[in-house]
**Student:** 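Provided herewith is a single structure, encoded as structure tokens, for subsequent inquiry.
When a ligand or atom number is given, it counts from 1 through the structure's own listing order.
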Amino acid sequence: MSVPVITIDGPGGSGKGTVSRLLAERLGWSFLDSGALYRLVALAALRRELPLDDADALAELARGLDVRFELDGAGESRTLLDGEVVASELRTEACGEAASRVAAIPAVREALLARQRDFQSPPGLVADGRDMGTVVFPHAPLKIFLTASREERARRRFKQLKEQGLSANLQNLLRELAERDRRDSERAVAPLRPAEDALEVDSTDMGIDAVLTEIVQAARQRG
Ligand code: C5P
């Protein structure tokens, strides 16, 4: 029996990470943060001082990536890279920027494909990313494309980074988001775009609860 998948794609800062996590929790489904996989490849590459344009070396790294997602004693999720817990360094803009560079390499994307599909387990999966609905889970019964204006997305990132005690500058964030949007949308392989059958939700003036309600309603209609 195939496992139902809800895909949530969109640009950085659209709120899809938070929405996907909450949706998975509410449904009792598994959750795939595909951006974290690209960030982990980037982080492993930076640590090994691999050039971010060495496609062969990066694809090899992605194929052998030693990563585990697990719950700690308090029930909080944590990520281990090469057996060591990684925390805030995965969420920095530098890591996001490096992730978007390695993500433009077709062999890296190919190397991560099976790993992403392995997240499917009953009763269902919520998959968050850029190409979940177009490439990784093209048969998903519900596909969401979540957007927000670039200014609003930069404000959200700023708030998020501050809350995590990280330094942030709004103008720099805006510039970095614009650059990342451009790279993600213009790359030749799996560019950021809505699947033809995706429901587009603009969250610029919506709170997380309103977005979640809209998606749950759509899931009921299609389920
Ligand atoms: O979503 P997040 O900001 O963590 O993603 C980091 C980068 O990874 C994105 O800018 C994008 O380039 C890449 N990515 C991707 N495909 C995905 C998820 C993330 O190319 N499915």
**Student:** Under 4.0 Å from ligand 1, counting heavy atoms only, is it the side chain of Arg109, its backbone, both or neither?
**Tutor:**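 The answer is the side chain.
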**Student:** Which of the numbered atoms in ligand 1 are under 4.0 angstrom from any heavy atom belonging to Ala103?
**Tutor:**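 That gives atoms 12 (O), 13 (C), 20 (O) of ligand 1.
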**Student:** With heavy-atom distances below 4.0 Å as the criterion, list the atoms of ligand 1 near Asp184.
**Tutor:**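 Taking each heavy atom of Asp184 in turn, ligand 1 has 9 (C), 10 (O), 11 (C), 12 (O) under 4.0 Å.
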**Student:** What atoms in ligand 1 come closer than 4.0 Å to a heavy atom of Ser34?
**Tutor:**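 Taking each heavy atom of Ser34 in turn, ligand 1 has 17 (C), 18 (C), 21 (N) under 4.0 Å.
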**Student:** Provide, to 0.1 Å, the distance between atom 8 (O) of ligand 1 and the closest protein heavy atom, together with that atom's residue and name.
**Tutor:**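 I find the closest protein heavy atom is Tyr38 CB, 3.6 Å.
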**Student:** Are the side chains of Leu125 and Phe137 in contact, using a 4.5 Å heavy-atom criterion?
**Tutor:**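 With C-beta onward as the side chain, the pair touches.
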**Student:** With no hydrogens and no angle check, do the side chains of Ser30 and Ser121 hold a donor and an acceptor under 3.5 Å apart?
**Tutor:**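 The criterion, which ignores hydrogens and geometry beyond distance, is satisfied for Ser121 and Ser30.
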**Student:** Under a 4.0 Å heavy-atom limit, does Arg180 contact ligand 1 with its side chain, its backbone, both, or neither?
**Tutor:**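 It is the side chain that touches ligand 1; the backbone stays farther off.
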**Student:** For ligand 1, which part of Arg187 has a heavy atom less than 4.0 Å away: the side chain, the backbone, both, or neither?
**Tutor:**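 Within the 4.0 Å criterion, Arg187 contacts ligand 1 through side-chain atoms alone.
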**Student:** Could you tell me, atom by atom, which parts of ligand 1 come under 4.0 Å of a heavy atom of Lys16?
**Tutor:**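 Answer, ordered by atom number: 1 (O).
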**Student:** Numbering the atoms of ligand 1 from 1, which are under 4.0 Å from a heavy atom of Arg39?
**Tutor:**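 Matching atoms, with element in brackets: 2 (P), 3 (O), 4 (O), 6 (C).
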**Student:** For the CD atom on Glu196, are there more than 12 heavy atoms of other groups (residues, nucleotides or ligands in this structure) within a distance under 6.0 Å?
**Tutor:**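 No - once you tally the heavy atoms of other residues, nucleotides and ligands closer than 6.0 Å, there are 12 at most.
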**Student:** When you check the gap from the basic side-chain N to the acidic O, do Arg183 and Glu179 get nearer than 4.0 Å?
**Tutor:**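 Salt bridge present between Arg183 and Glu179.
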**Student:** Determine whether the side chains of Ser100 and Arg180 contain a donor N or O and an acceptor N or O closer than 3.5 Å.
**Tutor:**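 Short answer, no.
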**Student:** Provide the number and element of each atom of ligand 1 under 4.0 Å from a heavy atom of Met132.
**Tutor:**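 Near Met132, meaning under 4.0 Å from one of its heavy atoms, ligand 1 has 21 (N).
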**Student:** Using a strict 4.0 Å threshold on nitrogen-to-oxygen distance, state whether Arg68 and Asp82 make a salt bridge.
**Tutor:**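 Asp82 and Arg68: not salt-bridged.
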**Student:** Between the side chains of Ser203 and Arg156, does any donor sit under 3.5 Å from an acceptor?
**Tutor:**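 There is such a pair between these side chains.
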**Student:** Are Ile8 and Ile6 close enough that some pair of their side-chain heavy atoms sits under 4.5 Å apart?
**Tutor:**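 Side chain of Ile8 against side chain of Ile6, heavy atoms only: contact under 4.5 Å found.
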**Student:** Give the residue, atom name and distance (to 0.1 Å) of the protein heavy atom nearest atom 1 (O) of ligand 1.
**Tutor:**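 Result: Arg130 NH1, 2.9 Å.
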**Student:** Using distance alone, decide if ligand 1 has a nitrogen or oxygen within less than 3.5 Å of any nitrogen or oxygen in Asp131.
**Tutor:**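 For ligand 1, there is an N or O atom that lies under 3.5 Å from one belonging to Asp131.
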**Student:** Can you pull out the closest protein heavy atom to atom 19 (C) of ligand 1? Residue, atom name and distance to 0.1 Å, please.
**Tutor:**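 Here the nearest protein heavy atom works out to Gly35 CA, 3.5 Å.
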**Student:** Looking at Asp205, I want to see if its CG is surrounded by more than 12 non-hydrogen atoms of other residues, nucleotides or ligands under 6.0 Å.
**Tutor:**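 At most 12 heavy atoms, drawn from other residues, nucleotides or ligands, come within 6.0 Å of this atom.
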